[in-house]
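One structure below.
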Amino acid sequence: GCTSDQTSSSATGTKAKAGGTLVVARLSDATTLDPHFITDIPSANVVYEKVYETLVEPDKNMEPKPLLATEWKQIDNVTWEFKLRKGVKFQDGSPFNADAVKTNFDRVLDPKTASPQAGKFEMIKEVKVVDDSTVQFILKYPYAPLLSILMSNEGDIISPKSIKENSDKIGRNPVGTGPYVFKSWKSGEEIKIEKNKDYWGNKPKIDGVVFKVVPEDATRLAMIETGEAHVTDQVPVTEIDRIEASDTMDLYRTDGLAVEYLSFNTKKKPFNDVRVRQAIAHAIEVDSIIKGVYNDVGTKANSTMSPKVFGYDPNIKGYNYDINESKKLLKEAGIKDGLSFTLTTSDRKERINMAEVIQSQLKGIGINVKIQVLEYGAYIDAIAKGQHQVSIGGWGNATGDGDYNQFNLFDSKSQGAAGNSSFYSNPEVDKLIESARQEADSEKRKELYAQAQEIENKDVPYVPIRNYEHLAVTGSSVKGLWLNPASYLMLDDVTVK
Amino acid sequence: MALQLVDKKILLNVDHLKQYFPIKGGILGRTVNHVKAVDDISFHIYEGETLSIVGESGCGKSTTGRAILRLDEPTSGSIHFKEKDLLSLGKKEMRKIRKDLQVIFQDPFASLNPRQTIGQILGEALAIQNVVPKEERKARIEELLGHVGLRPEAMERYPHEFSGGQRQRVGIARALAVDPKLIICDEAVSALDVSIQAQVLNLLKSLQKKFSLTFLFISHDLGVVRHISDRVMVMYLGKIVEIADKKSIFENPQHPYTRALLSAIPVPNPVHQRERIILTGDVPSPINPPSGCRFHTRCPFAIDICKTKAPELKLSEQNHQVACHIIN
Amino acid sequence: MKKQFDETILEVKNLQTYFYTDEGISKAVNGISFKLKKGETLGIVGESGSGKSITSLSLLGLIPSPPGKITGGSILFKGEDLLAKTEKQMRSIRGNEISMIFQEPMTSLNPVYSAGEQIAEAIRLHQKLGKKEAWEKAVEMLRLVGIPSPEKRAKQEPHELSGGMRQRVMIAMALACHPEVLIADEPTTALDVTIQAQILELIKSLQKDLGTAVILITHDLGVVYETCDRVAVMYAGRIVEYTSAKELYNNPKHPYTIGLLNSLPRLDMDQDELTTIPGTVPSPFNMPKGCSFAPRCAHAKPMCHESVPDLLTLDKNTEVSCWMYTSQWETDHTIIEKVGIE
Amino acid sequence: MFLFIVRRIIQTIPVLLGVSLVVFLIMQMVPGDPATLLAGEGATKQTIEMIRHQLGLDRPVIIQYFDYVVHVLQGDFGESLRNNRPVLDEIMIRLPITIELALASIFITVVLGMLAGIISATKQYSAADITIMIVALLGISLPSFWFGLMLIYFFSVNLHIFPVAGWGTFKHMVLPALTLGAGGAAIVARMTRSSMLEVVRQDYMRTARAKGLKEHVIIYKHGLKNALIPVITVVGLQFGALLGGTVLTESVFAINGLGRLIVDAIRTRDLPMVQGGVLIASVIFVFMNLAVDILYRYFNKRVDLN
Amino acid sequence: MKTEIVLNNNEIKLEKKESQKLKRWKVFYKKFKKNKLALVGGYIVLFYILVAFLAPLISPKDPFAIDLMHKLQPPSLEHWMGTDDKGRDILSRIIYGSRLSISVGFVSVLFGAIFGITLGLIAGYYGKWVDTIIMRVVDILLAFPGILLALAIISALGPSLINVMVAVGIFSIPTFARIVRGSTLSVRKLEYIDAIRALGATDSTIIFKHIFPNILSPIIVQATLKLATAILSAAGLSYLGLGAQPPSPEWGAMLSSGRDYLFTAPHIALFPGIAISTLVLGFNIFGDGLRDALDPRMKK
Ligand SMILES: Nc1ncnc2c1ncn2[C@@H]1O[C@H](COP(=O)(O)OP(=O)(O)OP(=O)(O)O)[C@@H](O)[C@H]1O
Ligand SMILES: Nc1ncnc2c1ncn2[C@@H]1O[C@H](COP(=O)(O)OP(=O)(O)OP(=O)(O)O)[C@@H](O)[C@H]1O
Ligand SMILES: [Mg+2]
Ligand SMILES: [Mg+2]
């Protein structure tokens with residue numbers, strides 16, 4: 001259950017020649033560097049807009065910006081045309097052109113490739129080469145958020161030469177057009193990338209980046225303090241006061257795209273009764289969770305969609321903390337002699353803490369909560385199979401588009417593993433999500449999502465708790481680092497003293 | 001003890017008994033060799049007599065005793081007790097017949113469970129063979145203690161509160177508890193000081209008379225053996241070298257080994273000093289015993305045939321068998 | 001075995017060695033005295049626990065301390081009191097002038113060093129020889145104690161040797177520096193009779209060759225008779241009779257000695273029943289007030305339970321600690337005859 | 001001796017087969033499916049099914065196991081489900097590191113432990129003895145992750161003597177080895193002490209005294225070598241424990257060792273990796289045991305080779 | 001008969017039966033008491049056991065009451081050991097946690113001991129192929145890295161204190177099995193076992209009535225030492241997030257939850273750390289003392 005994957009943003013190189021190597025300490029190693037197989041952030045973070053580039057990249061507000069594509073237009077409902085940047089070469093010397101783009105999308109869509117990301121591009125019928133620097137995407141059906149997918153990590157453009165010559169080795173030898181060249185990977189220990197001297201755009205100011213695996217939180221911070229590492233992007237919220245007080249460390253915070261929530265299994269009694277769900281929503285005092293558990297990192301969520309995501313509706317009220325209302329609802333639902341249930345969570349510290357606080361809050365209205373902490377794999381399994389009663393979860397957003405949120409969390413087709421952990425099913429909502437997908441006019445799309453969120457708010461399959469905020473700590477020698485809302489490290493302007 | 005030699009009844013008959021202990025070795029831990037602890041011996045014990053086994057350490061005395069009790073399963077041979085072949089009995093039948101076969105061990109410290117009182121030790125013996133009904137057990141235990149010269153209060157006490165000699169008495173009482181016919185005494189007095197040893201020897205003798213017991217008495221102390229036995233069997237390296245009446249053995253030892261053994265004992269009596277035969281070297285290993293007569297490597301009289309042919313146990317005179325090429 | 005011994009080499013006077021333990025004070029050696037002359041063999045006999053080993057360890061200053069402590073008396077070795085010597089001085093005596101063979105050949109050798117090394121160690125220490133010479137000497141010693149192919153055996157470790165051979169190694173070690181006194185603490189108890197005969201024969205012949213005085217500790221009266229010149233019989237930490245070996249058998253004095261001889265099953269006669277000494281040795285923590293043998297003694301009179309008799313010199317050769325032989329004792333012939341030897 | 005070694009190696013085969021079967025069964029019992037985890041969040045059922053098929057996880061369990069065993073017997077440990085790299089390659093990256101770490105901590109264990117133990121034994125009941133024993137006991141009772149973090153903050157962050165994390169140079173080894181070795185050192189110290197006290201009571205020590213040797217010769221020459229025998233056993237067991245018990249220390253010091261590899265593999269349900277890791281760890285353990293036995297025999301000749 | 005009279009004057013006067021048992025205890029206690037350190041260990045253990053029993057009576061606060069307004073407070077008169085990251089009273093949690101941590105120790109050791117002892121007894125008594133098979137199985141367990149086994153078991157059964165106990169118990173099986181087998185082998189050689197066999201006792205009588213009681217001392221010693229290890233292992237598992245379920249105040253869980261505050265609020269980790277260390281220390285030196293007191297050779 002953590003959050004999610006990719007978003008975008010791009011690393012357009014800058015001038016200045018400061019040099020030095022940036023050392024990033026992080027929780028886990030990458031699993032593969034082949035974007036068509038990457039499903040986790042630690043992998044994507046190494047290559048996304050660093051070794052590889054996408055056709056379009058997201059800016060700080062997740063708006064698409066040109067990158068490998070200089071301009072684009074929608075020709076009709078199902079046809080998008082992209083003009084490609086000229087004079088760009090892959091790191092292996094092969095030229096970037098329309099063929100390269102086609103080769104990439106053919107690969108990800110080829111069932112033989114068996115890419116786990118194929119589903120995301122399922123709406124693409126074909127990629128057509130118009131001329132050397134023009135491609136057309138022909139869709140099976142109208143799909144408005146196409147750009148948001150193209151600018152996320154799975155839209156990385158891989159060198160067609162490596163696709164043709166050693167398709168199954170890309171995971172270990174990524175070749176793209178980006179500002180950094182893959183150097184080496186010591187499994188489980190570190191990955192090195194180096195400045196691409198022939199980069200078409202602004203070249204990085206640093207010589208390279210080392211991504212080191214350091215599983216222990218306290219150790220990562222200690223490394224920043226001693227200067228052994230420069231950046232870490234997994235920071236325990238409990239340490240922010242100390243970091244802010246420290247003169248060897250700087251804290252970086254940015255709003256994310258993810259939301260954490262409580263998820264009811266609406267297939268199970270008594271959570272199939274909307275009044276019970278509402279009652280619980282009223283009994284949770286979110287503010288104290290955000291302060292007490294999260295140390296004010298992140299903000300109170302009113303919807304399962306974070307404010308940065310396209311389609312977010314600020315008018316949704318959410319549920320206020322109201323014990324009396326809660327009790328009343330429970331009574332109406334016919335629950336007299338108390339309610340007991342198991343709250344399932346993965347083994348992330350903050351989630352466990354949250355569970356404990358919720359447990360103690362619900363005790364106030366006579367609800368007896370048993371906490372079940374499951375190791376991540378088992379947690380995913382339990383949720384996918386719908387074995388839980390109530391769980392704590394979170395949904396990131398790889399693309400920054402509302403569809404990625406709404407479709408996965410609420411659509412009946414997404415029940416279980418695909419994201420709909422509450423097994424929520426409402427034909428009306430399904431229909432709204434479907435229409436929003438196909439609607440080309442963004443204002444109208446927003447309207448459709450607003451309607452959906454309204455219904456979802458009333459049905460409360462999820463109780464939204466917190467909008468994510470990403471933290472990173474840098475040594476004081478590091479300047480110019482930023483994180484995009486999908487939590488990718490953006491290194492365009494980074495310098496290390 | 002003048003024994004009527006005429007109508008002696010055989011109580012136990014041991015026939016071609018072999019006890020080989022495997023030695024594991026080789027890559028797969030297979031049996032690569034054997035300790036031939038007892039190698040094809042035959043003898044018998046008459047009812048009511050005391051037969052002693054003497055010989056040096058490791059010659060197979062205890063092994064013989066243990067094989068008879070089936071504490072180790074013999075490799076081959078047969079053991080007939082009162083006409084019954086012990087080795088062919090099933091587990092249950094064997095348990096039953098154990099009532100008639102008892103044992104007293106050497107070490108007074110190791111032969112009693114330190115965590116049981118004397119009463120429990122004896123009571124358990126009675127219970128296992130169900131000798132007397134439960135209500136009568138206490139009385140029986142007191143009686144047994146009386147037989148071995150311990151006071152009834154001893155019941156409540158633990159072995160560590162007794163001296164070695166007293167413990168040995170408890171061991172005897174335990175053996176007596178089930179009214180056995182044959183008692184195997186494996187070095188039953190060897191660990192005791194002379195003054196205590198004498199007490200226990202006297203006790204054994206008087207009990208034998210009282211309950212008409214048969215003893216198989218294992219010892220390396222020839223003085224003790226002479227005192228207690230009717231017949232004596234001398235073993236060397238898993239073989240019987242000589243077996244005869246006590247008198248015959250001690251006054252007319254025939255096998256060179258027996259003679260050496262007897263002469264080696266220091267005797268505090270100038271009249272009885274014999275000429276000492278000092279053997280050279282050590283007892284060979286029972287894993288690879290010498291060919292032919294096993295004693296030939298140390299025998300001062302060995303001739304050629306001794307090295308190649310194993311001598312058989314033959315009657316040399318009445319009630320006196322010897323296994324030696326020179327004698328036979 | 002008539003030898004002439006003149007020079008006293010070791011004299012023990014009123015030696016007391018006590019153990020201070022939780023259960024109380026154990027008077028393991030409780031005032032014993034004896035003399036050892038050059039070339040003589042003194043036997044010390046007694047039942048288990050009578051203090052034989054502690055006596056010998058006291059002579060070398062090897063009493064485990066705590067809990068043991070020599071609390072009184074003197075040990076004069078060539079006229080000098082060993083108890084007054086420093087630890088350093090004692091070290092130059094141990095293994096050099098007085099050496100010892102222990103009861104257990106199986107455990108008394110260090111399992112991780114070869115036989116030769118262990119012998120050579122003592123030689124190097126006391127005779128200041130080089131490594132090689134010491135080794136050669138060690139091999140020589142092994143040859144002397146009758147170990148076949150000593151060059152090979154010297155290189156073997158204790159576990160590769162049989163019990164008899166180990167005991168020979170111990171003897172070789174003890175004799176390596178030609179000590180003036182050799183203490184052998186039950187050197188054959190753990191061995192078979194035929195091996196015992198070999199070892200005793202060896203000690204006797206070596207003693208003859210080297211002129212060493214020997215203290216032979218044993219509980220086997222037969223061994224004493226055949227090996228020793230003089231004998232001290234110990235009972236509960238005291239010497240109860242101190243006499244020549246022959247005299248001991250022909251004419252034992254102390255009731256304990258008499259009892260001991262009687263309990264021995266004889267090889268030379270048939271007995272229907274053995275004469276026994278009733279009872280057991282008293283606990284060292286719970287010694288009777290008077291003569292410690294009194295509770296088991298058939299002749300004991302009230303005075304025996306009152307106080308301990310001194311060691312009384314009966315004739316030139318015999319000393320005995322028994323009230324019977326004092327003037328205070330109103331002789332009662334009937335009793336003596338009854339227990340007297342047949 | 002040679003036969004003994006060969007026999008022992010042959011005996012390990014059934015043990016290893018048993019280990020692999022246990023691993024396999026446990027991993028079947030564990031809920032959670034590698035395909036789901038691989039697919040990432042939001043994957044559709046079809047995607048997951050496709051991955052399952054790709055990995056061969058849709059075959060019957062028995063077939064999967066047999067297939068595995070057959071491959072392993074041919075020296076093929078398979079590929080990681082997670083990143084498709086050959087399991088053996090991944091292990092070989094970690095193995096040297098793990099072994100280095102284990103050796104470094106065993107070194108600390110042995111040196112610290114024996115020194116402390118000998119001092120303690122020769123000065124029984126002295127202040128030094130009691131202090132050493134209390135420190136040793138504390139060493140056993142400190143949770144290693146706690147101790148490790150404390151060391152980092154004291155020696156790295158505050159004093160800047162040693163680097164915080166990583167592996168490679170001597171300086172990198174000190175703190176982890178200390179963390180890992182401390183507990184062992186404490187055990188070895190106690191073992192050395194009691195073994196030494198035991199040896200002091202032996203008859204041959206009395207023999208040595210009777211020879212007139214100096215006390216320190218008696219203790220160090222005649223005593224120590226014998227006292228080492230049980231210590232070796234403990235050190236061997238400790239080494240075995242190190243291989244499995246390094247996970248926490250590896251995490252704290254960011255060491256890329258076998259322990260973490262296996263734990264990560266379990267967490268991602270990467271069966272071939274778990275199998276391979278555990279098997280290799282077991283092999284090392286078994287060989288360690290063998291080495292201990294050989295040493296044991298070297299020091300203790302009395303043990304017969306059966 | 002001579003001998004019968006003989007013993008009378010020699011026999012010590014018999015005390016009553018109770019006092020005999022008492023005497024054995026006294027001897028044991030006397031020996032044990034000699035070892036001052038061991039006595040301290042015993043008292044520590046006793047102290048914690050008392051705390052565990054009396055938890056509801058002596059705990060000053062509700063150990064589960066979350067009070068986010070007063071989180072991370074340093075020790076004060078109100079909260080002697082301060083409050084944790086959710087404002088709960090650490091002292092009260094440690095008091096209640098003693099129940100869990102001590103039960104983890106006891107239950108897992110009991111679990112390991114029961115299986116280990118049974119296996120060891122059977123292997124040691126029957127020998128031959130039974131022994132071979134059992135000991136190979138034990139080898140497998142031993143060769144299996146302990147923490148991985150735990151990890152796997154807990155992943156399979158779901159994390160809970162009970163499963164931690166099972167896991168920790170399982171990896172203490174080999175130690176018990178080996179020790180018991182060794183002791184069984186040596187006790188089996190003793191003559192009283194042969195004597196009772198010669199009387200016709202069944203195998204189970206011999207094993208459980210005669211062998212088992214006589215190998216108790218090494219088992220007890222091993223058990224006390226293992227108790228210590230078990231508590232530490234459970235703490236290690238908590239650190240990996242596999243231990244007790246929140247909000248239970250198991251010490252290992254408390255300690256590992258405190259590691260985020262090692263610098264901002266060190267007392268959160270410190271106090272459970274001290275509790276674990278002292279209890280483990282207590283068990284260890286108690287076990288050592290037991291060993292010395294039960295060892296007949298250690299007369300001192
Ligand atoms: N269980 C066994 N396994 C292997 N070898 C054995 C076993 N029991 C006895 N032996 C060997 O068998 C031989 C005979 O042993 P046994 O105990 O019968 O001798 P013994 O004559 O009783 O000697 P002792 O006088 O020392 O008691 C010895 O070499 C011994 O090592
Ligand atoms: N370390 C010790 N601590 C306490 N008491 C001891 C110690 N060593 C010996 N004793 C006691 O000293 C007494 C004499 O013991 P010693 O070893 O001299 O007997 P022994 O005559 O050599 O007997 P054995 O024939 O059994 O060797 C015994 O009562 C014994 O209990
Ligand atoms: Mg025997
Ligand atoms: Mg002695």
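Below, chains carry the letters A, B, ... as their sequence lines are ordered, and counting in each starts from 1.
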Which residue out of D:T268, D:L261, D:N256 racks up the most heavy-atom pairs below 4.5 Å with chain A? D:N256

Minimal non-hydrogen separation, D:R85 against A:S187, with atom names: NH1-CB, 3.8 Å

Is there a side-chain contact between A:I380 and D:L37 (heavy atoms, below 4.5 Å)? yes

Report the option among D:S251, D:S156, D:S80 that has the most heavy-atom pairs separated by less than 4.5 Å from atoms of chain A. D:S251

Looking at A:K349, I want to see if its NZ is surrounded by more than 12 non-hydrogen atoms of other residues, nucleotides or ligands under 6.0 Å. yes

With heavy-atom distances below 4.5 Å as the criterion, would you say the side chains of D:E250 and A:P215 are in contact? no

Given a strict heavy-atom distance threshold of 4.5 Å, which part of A:E122 is in contact with chain D: side chain, backbone, both, or neither? neither

Taking atom CG of D:L73 as the centre, report whether more than 12 heavy atoms of other residues, nucleotides or ligands fall under 6.0 Å from it. yes

Within the supplied structure, the quantity of interest is the number of heavy atoms (other residues, nucleotides, ligands) at a distance under 6.0 Å from D:H53 NE2; does it exceed 12? no

Leading residue by heavy atom contact count with chain D [cutoff under 4.5 Å; candidates A:G419, A:A229, A:G377]: A:G377

Checking heavy atoms, do the side chain of A:S414, its backbone, both or neither come under 4.5 Å from chain D? neither

Would you say the side-chain atoms of A:T39 pair up with the backbone N or O of D:L38, donor to acceptor, closer than 3.5 Å? yes

Drop me the distance from A:S28's OG to D:R260's CZ, to the nearest 0.5 angstrom. 9.5 Å

Which atoms of D:I48 approach chain A - backbone, side chain, both or neither, heavy atom under 4.5 Å: side chain

Less than 4.5 Å to any heavy atom of chain A: does that hold for the side chain of D:I97, its backbone, both, or neither? side chain

Hey, is the main chain of A:D381 close enough, under 3.5 Å, to the side chain of D:D33 for a donor-acceptor pair? no

List the atom of A:M223, the atom of D:A165, and the distance in Å for their closest heavy-atom pair. SD-CB, 3.7 Å

Heavy-atom closest pair, residues A:G188 and D:R94: CA-NH2, 3.3 Å

Do you know which of D:N83, D:V164, D:V252 has the most heavy-atom pairs with chain A at a distance under 4.5 angstrom? D:V164

Excluding sequence neighbours, so at least two apart, what forms salt bridge (Lys or Arg N to Asp or Glu O under 4.0 Å) with D:D270? none

I'd like to know which of A:D217, A:N420, A:T226, A:D168 tops the heavy-atom pair count under 4.5 Å against chain D. A:T226

Max heavy-atom pair count under 4.5 Å with chain A, selected residue of D:V157, D:T47, D:D264: D:V157

For A:R220, is it the side chain, the backbone, both, or neither that has a heavy atom closer than 4.5 Å to a heavy atom of chain D? neither

Quick one: do A:D29 and D:R82 make a salt bridge, cutoff under 4.0 Å? no

Check whether more than 12 heavy atoms from other residues, nucleotides or ligands sit under 6.0 Å from atom NZ of A:K186, and answer yes or no. no

What pairs of donor and acceptor atoms, side-chain ones from residues 145-155 of chain D against any protein atom, are under 3.5 angstrom apart with sequence neighbours left out?
| unit_1 | atom_1 | unit_2 | atom_2 | d |
| --- | --- | --- | --- | --- |
| D:Y153 | OH | A:E225 | OE2 | 3.2 |
| D:Y153 | OH | A:R242 | NH2 | 3.4 |

Main chain of D:P163, side chain of A:E228: is a donor-acceptor contact present, judged purely on distance under 3.5 Å? no

Is A:T248 in contact with chain D via its backbone, its side chain, both, or neither, using a 4.5 Å heavy-atom distance? neither

